2 protein chains.
Amino acid sequence: MGKPTISDVARLAGVSTATVSRALTGSLPVREHVKEQVQAAADSLGYAANSIARALRQERTTNVGMIVPDLSNPFFTLLVEGVEHRLQDLQISLLLCSSHGDVTIEAERLRSLQRSQVEVVLISPTHEFESAHALKTIARTVPLIQIDQFADGVETDWVGLDDALAMRTLIQHVVERGARTAAYIGGSATDSSARSRLDAARAECLRQGVALDEQNVLLGSVTIAGGEAASQRLSESGALPDVVICGADVIAYGVLQGFDRLGIKVPADVMVTGFDDIAFSALTRLSLTTIRQPIDAIAEAAVSVVQNLMGDAPPRPPHRSVLQPELIVRDSTNRVA
Amino acid sequence: MGKPTISDVARLAGVSTATVSRALTGSLPVREHVKEQVQAAADSLGYAANSIARALRQERTTNVGMIVPDLSNPFFTLLVEGVEHRLQDLQISLLLCSSHGDVTIEAERLRSLQRSQVEVVLISPTHEFESAHALKTIARTVPLIQIDQFADGVETDWVGLDDALAMRTLIQHVVERGARTAAYIGGSATDSSARSRLDAARAECLRQGVALDEQNVLLGSVTIAGGEAASQRLSESGALPDVVICGADVIAYGVLQGFDRLGIKVPADVMVTGFDDIAFSALTRLSLTTIRQPIDAIAEAAVSVVQNLMGDAPPRPPHRSVLQPELIVRDSTNRVA
DNA sequence: GAGAACAATGTAATCGATTACAGACAGAAT
DNA sequence: ATTCTGTCTGTAATCGATTACATTGTTCTC
C-alpha cells in the first residue's frame with residue numbers, strides 16, 4: 001500500500017478530487033462543512049500532496065538550485081546558510097551542489113538542475129573562462145544568478161563585493177603600517193574573484209607605491225594547505241616582503257601556520273592579511289586583519305533576485321549588486337610604521 | 001516557447017516518443033541509426049528530459065533530503081560536503097535544509113521533504129525528545145537515517161560516534177595530565193549527542209576519580225559565543241577546575257577566547273578540550289586538544305545506507321553504525337602532571 | 001515455404017495533481 | 001414565474017515522461 005493520493009481523500013470525504021484540491025489549497029472557495037470534511041479525511045489518511053504531480057501540472061516547481069565550488073570554505077557555507085534560511089521563509093527548497101572546483105562536475109550539476117526544473121540557479125562559477133560555455137547554455141532555459149564570482153561574458157544577475165575598493169582600503173592600511181613591498185597569495189587566477197582581487201591588488205600596489213614583484217605572486221588552491229605551501233615557497237625565495245596579502249582567509253590561516261612553523265614572526269617580521277572575515281579569523285594564533293564580506297547581505301540580495309525572478313514581475317535586464325567591503329584590523333598587521 | 005519536450009524530439013527525428021525514450025535512456029534496444037537520429041534531434045533542440053514527469057511516472061525520484069541543525073558549525077557542513085560528494089557519484093541530488101535548532105522548523109522541513117517525494121531523509125535531529133513525534137510520523141512513509149544525534153524512541157538507521165569511548169579516552173588523557181576536578185560546557189542537554197556526551201563525561205569522571213561538580217556543568221548554545229559566555233560564568237563562580245571539557249570544538253573556541261580576555265592562562269591555569277576536530281582547531285591561539293570525529297567515514301556510512309535503501313535489496317531492520325573516535329592531543333592540555 | 005522466435009517500433013494507458021469547462025442550485029431582480 | 005447572477009461542485013483534459021501491450025518485420029528452423 002503506497003502513500004494516500006488525492007483520490008483516496010476524495011473517496012473518503014465523498015467529494016470529487018477537484019473539490020479536495022480546492023479545499024486544501026484554497027484556490028477556489030469551498031463550503032465550510034465540506035472543507036472540514038476534506039481536511040478531516042486528509043488528516044486521518046496522513047495525506048500529503050505530491051509536489052511532483054503538482055509541479056508537472058503547474059509547470060513550475062518551488063525549487064532553486066545552488067552550486068558552490070567548495071563546501072569546506074566557511075565563506076561558501078555561510079552563504080549557503082544565509083540563502084537557505086531566506087528561501088525557507090518563501091517556502092522554496094534548495095538543491096545544493098558542490099562543483100569541487102571542477103568545471104566538468106559543474107557542467108554536469110547544471111544539467112541535473114536543469115532537468116529538475118529548478119526555477120532559478122544560484123552559482124559561484126568555479127572558472128572564469130571554462131565555466132562560461134556551460135553557463136551560457138543553461139542560461140537560455142533557466143534564470144541564473146552569479147554570486148561572488150562570475151564567468152566571462154555570461155550576462156546574468158550578479159551579487160558580490162567591490163573587490164577594487166576592498167583592496168584599496170586594505171593596501172592603504174598596510175601602507176600606513178609601513179609596508180613598501182608585498183607578496184600576494186591567492187587562488188589560481190582562473191576563478192574570477194581570485195583574478196579580480198589580484199588585479200585590484202596589483203593596481204593598488206602600483207598606485208600606492210608598494211612593490212609587488214611578479215615572483216612574489218603565488219597562486220594555488222584556496223585552502224589552509226594551499227596557504228601553508230605558498231608560505232613555504234615564499235620563505236625559500238629570499239627576502240620576505242613587508243606584507244603578505246592573501247586572497248581568502250583560509251589561505252591566510254595556512255600562511256600564519258606556515259610562518260609559525262618556520263619561526264617567522266607575524267607581524268614583526270612580516271604582516272599578513274586575509275579576505276572574507278569568517279568567524280575563526282578572530283581566533284587564530286595571531287588574529288587576522290582582513291576584509292569583511294557582508295555575507296548575509298549577499299545572501300539577502302541574491303534571494304531578493306530569486307524572488308523577483310520567480311514572481312510574475314516583467315523580465316528586466318541583468319543587474320549587478322555591488323556590496324561594500326569593510327576593513328577589520330587585527331593583530332596580523334599590528335605594527336607601528 | 002517553452003522548453004522542448006520528448007514529443008518535439010520525436011517529431012524532429014520522425015519516430016514515436018516511446019522510441020525517443022528508449023533511445024535516450026537505453027531502457028530497451030533501438031537500432032543504431034535511429035538512436036543516432038534521435039540523439040542528433042535531441043542535441044539540436046537542446047532537449048533535457050523533464051525529471052518531474054519521469055519521477056511521476058516511475059513513482060520514484062533521485063532526490064534525498066538532509067536536515068541539519070546548524071550550517072555555521074563546520075562539523076555539519078563537512079558532513080554535508082561528504083554526503084553531497086558521494087551522492088553525486090550515485091547521480092542523486094541533495095535537498096538541503098537547516099532546522100536552525102528549532103523543532104517547529106524541523107517538522108515543517110520534514111513535511112516539505114515528504115511532499116517532494118525524496119527517497120530517503122538524512123537527519124541530525126535537533127531535540128532528543130521534541131523531535132521524536134515528527135520523526136516518527138514521517139518515518140512511516142519515508143526511510144530515515146539519523147546521523148550523529150538521534151531522537152528518543154525513533155527506530156531508524158543511525159550513524160555516529162561512540163561517545164562513551166571518546167569521553168573515556170579524553171578523560172584518561174587529562175587525568176594523566178594531572179586533572180582532579182573538571183567542568184563541562186556543552187549544548188543544552190536536549191539534543192541527544194549533547195546529552196550522551198555529558199552522560200559519558202559524568203560516568204567517566206566518576207569512574208576515574210575526577211570531581212565534576214554539578215554547578216560546573218554549563219549548558220548553552222553550540223556556538224563560539226555560547227562557549228565564551230560559559231567561560232565567563234565559570235570564572236565568576238570561584239575556583240577554576242583543572243580542566244574544562246567542551247562538548248564541541250566551536251564551544252571550546254569561545255572558551256579559549258573568553259579565558260584569553262580574562263587573562264586566564266591555558267593550559268597553565270586550566271586545561272581545555274574540544275570535541276569534533278574541525279580544521280581550525282589546529283590554528284587557534286592555543287591549539288586545541290580534541291576528539292576527532294571521522295566525519296568522512298560518517299558520511300560514507302550514511303550514504304552506503306542510502307544506497308541500500310534505494311536499491312531493491314530486501315528491507316532489513318534498522319542498523320546502528322558506531323564509529324571510533326580518535327584523541328588528538330595539542331597545546332590546550334599540554335601540561336606536565 | 002510455413003511457422004516460431006525474436007527484435008524493433010508504435011499506440012495508448014498511466015503516474016497524481018490542477019484547472020478549463022460545464023452543470024446544478026440558490027437567491028435576487030424583473 | 002422567469003431570467004439572471006453568483007457560488008459551489010463535478011467531469012474530464014492536461015502536464016511530459018515511461019511502459020504495458022499490440023504490431024510489424026526479420027531471421028531461423030525444419
Side-chain angles (χ1 to χ4, degrees), chain A residues 1-39 41-42 45-63 111-112 114-119 141-142, chain B residues 1-39 41-42 45-63 111-112 114-119 141-142:
Chain A
M1 33 116 271
K3 305 175 185 174
T5 72
I6 198 171
S7 314
D8 299 327
V9 178
R11 199 171 318 118
L12 184 58
V15 296
S16 72
T17 61
T19 299
V20 173
S21 172
R22 300 196 266 250
L24 295 180
T25 64
S27 61
L28 275 177
V30 164
R31 248 179 307 184
E32 196 51 41
H33 75 275
V34 176
K35 183 181 268 182
E36 281 161 17
Q37 246 169 344
V38 170
Q39 191 58 256
L45 292 173
Y47 170 74
N50 182 329
S51 340
I52 300 278
R54 170 180 298 169
L56 181 60
R57 173 65 225 236
Q58 297 191 323
E59 302 188 60
R60 54 187 248 119
T61 62
T62 54
N63 295 336
R111 295 285 290 186
S112 162
Q114 184 189 32
R115 286 193 298 267
S116 298
Q117 313 297 115
V118 296
E119 297 294 306
T141 51
V142 185
Chain B
M1 35 113 271
K3 305 177 185 174
T5 71
I6 200 171
S7 314
D8 299 326
V9 177
R11 200 172 316 117
L12 183 59
V15 297
S16 72
T17 61
T19 300
V20 174
S21 172
R22 302 197 264 248
L24 295 179
T25 65
S27 62
L28 275 178
V30 164
R31 247 177 310 185
E32 196 52 41
H33 74 279
V34 176
K35 182 181 269 182
E36 282 162 16
Q37 247 169 344
V38 169
Q39 191 56 257
L45 292 173
Y47 170 75
N50 182 329
S51 340
I52 299 279
R54 170 179 297 168
L56 180 59
R57 172 64 224 238
Q58 296 189 325
E59 303 188 63
R60 55 189 246 118
T61 64
T62 54
N63 296 335
R111 293 286 289 188
S112 163
Q114 183 190 32
R115 286 193 299 268
S116 298
Q117 315 295 119
V118 296
E119 298 295 305
T141 51
V142 185

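In this text the structure is predicted, and so the values were computed from the model without any measurement. By convention in this document, chain letters (A, B, ...) are assigned in the order of the sequence lines, proteins followed by strands, and residues within each chain are numbered from 1. Only this structure's heavy atoms are used, side chains among them; waters, hydrogens and symmetry mates stay out.
Rounded to whole angstrom, the span from the CG atom of Leu28(A) across to the P atom of dA22(C) amounts to 16 Å.
Using a 4.0 Å heavy-atom criterion, one finds that Thr5(B) contacts the sugar-phosphate atoms exclusively. Using a 4.0 Å heavy-atom criterion, one finds that Thr25(B) contacts the sugar-phosphate atoms exclusively. No contact: Ser51(B) has no heavy atom under 4.0 Å from any strand.
Nucleotides of DNA chain C nearest to Ser7(A) and His33(B) differ in position, and the one nearer the 5' end is that of His33(B). For the pair Pro29(B) and Tyr47(A), nearest-nucleotide mapping onto DNA chain C gives the more 5' position to Pro29(B).
Closest approach of Ala13(A) and Ala41(A) over heavy atoms only: CB-CB, 3.9 Å. Ala23(A) and Val30(A) make their closest contact through N-CG2, 3.8 Å (heavy atoms, listed as atom of the first residue, atom of the second, distance).
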Yes or no on side-chain contact (heavy atoms from CB on, under 4.5 Å) for Asn63(B) and Gln117(B), after CA distance, side-chain angles and deciding distance? CA-CA 8 Å; Asn63(B) 296 335; Gln117(B) 315 295 119; over 6 Å; no

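Atom CD of Gln37(A) sits about 10.5 Å away from atom CZ of Arg31(A), to the nearest 0.5 Å.
The phosphate of dA7(C) has neither OP1 nor OP2 within less than 4.0 Å of any side-chain N or O from Arg31(B). When the side-chain nitrogen and oxygen atoms of Thr19(B) are compared with OP1 and OP2 of dT9(C), none of them lie within a distance under 4.0 Å.
Protein chain A contacts DNA chain D from dC8(D) to dG16(D), reading 5' to 3' and using non-hydrogen atoms of the protein with a distance under 4.0 Å.
Applying the salt bridge (charged side-chain N to carboxylate O under 4.0 Å, His left out) criterion to Arg57(B), with sequence neighbours excluded, gives no partner residue.
The side-chain contact (heavy atoms from CB on, under 4.5 Å) with Thr17(B) is formed by just one residue from the set Asp8(B), Val9(B), Ile6(B); it is Ile6(B).
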